[in-house]
Protein chains: 2
Amino acid sequence: MKPTLQAVADAVGVSRSTVSNAYSRPDQLSSALRERILDAARQLGYPGPNPTARSLRRGFVGSIGVLFTSQLSYAFTDPFAVRFLAGVGAAAERHGTSMLLVPLPPAQTDARRAVENAAVDGFCVYCVADEEWALDVIRQRGLPFVSTAARDDAGPDERFVGIDERAAARGVAAHVAGLGHRRVALLADSVLLDAPAGPLTLSGVHEVGHPTTRGRLTGFADAFAEVGVEWAELTLLNARSNSREAAAAAVAGLFDRPTPPTAVLAGSDVLALGVLDALAERPAGRRPPVSVTGFDDVPEAAAAGLTTVRQPAEEKGRIAAELLLDPPVDAAAGHVLLPTALVVRASTGPVPRS
Amino acid sequence: MKPTLQAVADAVGVSRSTVSNAYSRPDQLSSALRERILDAARQLGYPGPNPTARSLRRGFVGSIGVLFTSQLSYAFTDPFAVRFLAGVGAAAERHGTSMLLVPLPPAQTDARRAVENAAVDGFCVYCVADEEWALDVIRQRGLPFVSTAARDDAGPDERFVGIDERAAARGVAAHVAGLGHRRVALLADSVLLDAPAGPLTLSGVHEVGHPTTRGRLTGFADAFAEVGVEWAELTLLNARSNSREAAAAAVAGLFDRPTPPTAVLAGSDVLALGVLDALAERPAGRRPPVSVTGFDDVPEAAAAGLTTVRQPAEEKGRIAAELLLDPPVDAAAGHVLLPTALVVRASTGPVPRS
DNA sequence: GATCCAGTCTGTATCGATTCAGAGACTAGC
DNA sequence: GCTAGTCTCTGAATCGATACAGACTGGATC
């Protein structure tokens with residue numbers, strides 16, 4: 001077995017406290033003794049204070065948790081999530097804090113346990129769809145957290161960093177509407193829990209569970225309502241996940257309808273790229289000139305010429321971690337709204353006259 | 001303050017052990033009592049057993065550490081590292097284990113501390129340049145680890161997953177040599193600690209510190225030695241980091257030499273893409289037809305038409321985590337060599353006759 | 001009626017450190 | 001020479017749980 005702090009103390013003939021001080025508070029003992037202790041420790045193969053025991057006694061861990069909606073392995077396939085993580089990592093780095101990525105098992109009971117058992121000082125909650133249960137567990141544990149999805153029932157002291165989803169979405173939709181498009185499809189992932197891929201009918205946008213998706217779809221609807229296109233006239237498409245493949249599957253058959261949409265507004269760049277994939281796969285003769293928009297402006301979007309909404313991904317992660325690591329004294333400062341910008345590229349154009 | 005397990009015990013009028021059992025070993029008490037305890041816990045706002053205390057007593061943490069050479073925030077910009085992380089994440093997910101990403105401060109003393117203080121059950125060590133000190137700390141702590149860089153002094157019980165860097169590099173270099181190229185530049189990052197960007201003279205490849213880089217450069221040299229081009233005739237270029245920008249900086253001026261190389265072999269796709277960037281930025285008239293190769297076959301390589309060596313990134317991460325999470329009984333099985341393949345695309349071509 | 005056993009629950013030791021009040025020794029100042 | 005102050009170091013209390021060896025109960029077995 002590895003020697004403990006006590007073993008070192010015995011070897012040198014000092015008290016446990018003194019050995020502890022040799023590691024954590026060098027100013028509390030003479031440097032001669034300190035050297036003697038460190039030497040003995042080296043000799044014995046003592047690996048330094050046990051991190052777990054130290055955390056227990058000190059009352060904090062020195063790492064922050066990052067919680068993802070989906071499977072952890074999916075998170076790495078989503079370029080936006082990766083940029084977000086990079087931001088969290090940069091901030092964690094500066095604070096000498098580690099990041100704990102906690103995978104959530106599919107069963108909710110197990111997922112609760114996972115959040116309960118995470119040894120962290122706080123959480124960055126990345127857009128967990130139907131995240132309420134997770135926030136409950138975190139609150140129950142008395143841990144601080146920062147959420148990236150605006151929630152209606154957020155307490156005044158709850159920290160948040162994100163964008164005005166609705167306004168941003170409205171912006172890109174207004175651009176498409178301005179180009180003359182009126183037959184439009186909206187594409188989003190997990191519109192409803194366990195909904196099949198493809199067209200979906202909802203009485204209204206309020207039925208959408210995921211707050212971020214709801215915000216974006218609401219913004220889309222806003223812009224079209226303004227030009228006289230009601231919610232019921234919009235085609236709503238569900239993707240089973242936020243991936244190009246799922247998006248391609250969701251638009252299957254869409255362009256073979258008698259009156260296909262002339263534009264598809266996607267809830268993320270990844271989905272939009274999937275739509276472009278689906279279009280590219282059609283034989284050249286049957287490739288309608290559909291306008292497509294995304295959301296996020298991930299690196300791939302520029303290469304694909306995708307019109308989209310830019311939001312600062314890395315910044316979001318960085319600020320999330322910073323709000324967690326040194327909380328602003330002013331509660332209002334704990335609520336950060338990031339800027340967005342409409343980025344017009346080649347994937348949108350005027351509606352073709354037929 | 002949050003109530004402890006003891007508080008719940010007192011409230012129900014049972015012993016602490018029983019409350020502990022209610023959470024961790026439900027078969028050890030009647031379900032009626034268990035319900036009563038869980039109810040009381042809910043009432044009191046008890047968040048469940050403290051993860052840190054539990055880890056201390058149990059002797060394990062339930063999370064594995066991932067160690068990166070470089071800044072944690074850089075890791076997320078490297079597509080290969082991201083795929084690796086995805087693999088680790090997938091395996092961790094299956095085992096119900098969390099991943100701890102430990103940022104290493106620049107100062108070595110601090111970095112040691114960071115590794116010493118990480119509350120984990122083991123480490124996946126991702127290609128830490130000059131990683132020896134880190135492995136020492138891990139060994140000292142008595143923790144298991146899996147390395148992704150082959151080391152000459154690896155103990156027989158030390159686990160490893162990776163590729164035959166030298167053979168793979170030799171393969172792609174042989175392809176380039178086969179195309180007739182003889183004036184060739186080799187580009188790698190951190191060839192020597194703190195070397196400047198650009199040309200570098202080394203008496204031999206053995207001087208290269210980073211084992212992965214050394215392996216690849218050796219393979220390149222092997223292939224050219226076979227066609228009669230000696231090490232001293234090869235141009236060695238150092239990039240300050242593994243990024244497109246650094247690569248572009250490293251090849252500055254290279255193509256304006258009196259006898260510029262006709263091919264550049266890069267130690268990674270990211271570097272190779274940087275070389276292509278640099279070439280693309282030159283005015284069309286002064287853009288020599290240079291062959292460029294990468295290494296890794298990251299997603300971006302295909303789009304850029306880059307000739308490269310494919311290695312299974314996600315698989316590497318997955319296996320690394322699995323070797324850690326359930327160690328093979330057979331020591332030989334703890335040493336996994338993954339397959340590689342030469343992927344020829346448009347970025348290489350026959351040497352132009354001048 | 002004694003014995004055994006399974007099912008529940010308790011008590012104590014333990015995991016490996018940090019903290020903090022205070023004990024001694026020594027120096028300085030008056 | 002005495003008081004105050006500074007440096008070092010010690011001891012006991014504490015962080016919040018889990019493990020394990022029993023104690024007790026009630027029923028089945030012979």
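Everything numeric in this text was worked out from a predicted model, so none of it was measured. Numbered from 1 within each chain, the chains take letters A, B, ... in sequence-line order.
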(message) Within the 4.0 Å limit for protein heavy atoms, which parts of nucleotides 18-26 of chain C are touched? Write it as a string from 5' to 3', B for base, S for sugar-phosphate only, - for none.
(response) BB-------
(request) Could you state the atom-to-atom distance from CG of B/Leu29 to P of D/dT18 in whole Å? (result) 13 Å
(message) Return whichever of B/Leu56 or B/Asp27 has its heavy-atom-nearest nucleotide of DNA chain C closer to the 5' end.
(response) B/Asp27
(message) Closer than 3.5 angstrom, by distance alone: can the side chain of A/Glu93 be matched with the main-chain N or O of B/Leu72 as a donor-acceptor pair?
(response) yes
(message) Just N and O in the side chain of B/Ser30: are any of them under 4.0 Å from OP1 or OP2 of C/dC9?
(response) yes
(message) Under 4.0 Å from OP1 or OP2 of D/dG16: is there any side-chain N or O of B/Thr4 that close?
(response) no
(request) Measure the distance from CG on B/Leu33 to P on C/dT8 and round it to the nearest whole Å. (result) 10 Å
(message) Please check if the number of heavy atoms outside B/Gln43 that lie under 6.0 Å from its CD is greater than 12.
(response) no
(request) Would you jot down, in residue-number order, the residues of residues 111-122 of chain B having a non-hydrogen atom under 4.0 Å from DNA chain D? (result) none
(message) Tell me the interatomic distance from A/Asp10, atom CG, to C/dG16, atom C1', rounded to whole angstroms.
(response) 13 Å
(request) Would you indicate what A/Thr18 reaches in the nucleic acid, counting non-hydrogen atoms under 4.0 angstrom: base, sugar-phosphate, or nothing? (result) base
(request) Indicate yes or no for a side-chain donor-acceptor contact from B/Arg34 to the backbone of B/Ala22 under 3.5 Å, with no hydrogens or angles considered. (result) yes
(message) Is there a side-chain contact between B/Arg54 and A/Asn117 in this structure, where contact means two heavy atoms from C-beta onward sitting under 4.5 Å apart?
(response) yes
(request) Provide, to the nearest angstrom, the distance between the CG atom belonging to A/Asn50 and the C1' atom belonging to C/dT14. (result) 13 Å
(message) I want to check something: taking the side chain as every heavy atom from C-beta on, are B/Asp121 and B/Thr97 in contact at a cut-off of under 4.5 Å?
(response) no
(message) Under 4.0 Å, heavy atoms only, any strand: does A/Phe60 hit a base, just the sugar-phosphate, or nothing?
(response) nothing
(request) To the nearest Å, give me how far apart CD (A/Gln6) and P (C/dA17) are. (result) 10 Å
(request) With the side chain of B/Val14 defined as its heavy atoms from C-beta on, choose the nearest nucleotide among C/dT10, D/dC9, C/dC15. (result) C/dT10
(request) Report the C-alpha separation of B/Gln6 and B/Asp10 in whole Å, then their side-chain angles, then the decisive distance to 0.1 Å, and conclude whether the side chain to side chain donor-acceptor pair (under 3.5 Å) test is met. (result) CA-CA 6 Å; B/Gln6 179 73 70; B/Asp10 292 347; 3.0 Å; yes
(request) Provide, to the nearest angstrom, the distance between the CZ atom belonging to B/Arg36 and the C1' atom belonging to C/dC9. (result) 12 Å
(message) In terms of relative ring orientation, are A/Tyr126 and A/Phe68 parallel, tilted or perpendicular, with 30° and 60° separating the classes?
(response) tilted
(message) Do B/Arg141 and A/Pro51 make a side-chain contact, defined as non-hydrogen atoms from C-beta onward lying under 4.5 Å apart?
(response) yes
(message) For the backbone of B/Gly87 and the side chain of B/Lys316, can you confirm whether one donor and one acceptor N or O come within less than 3.5 Å of each other?
(response) no
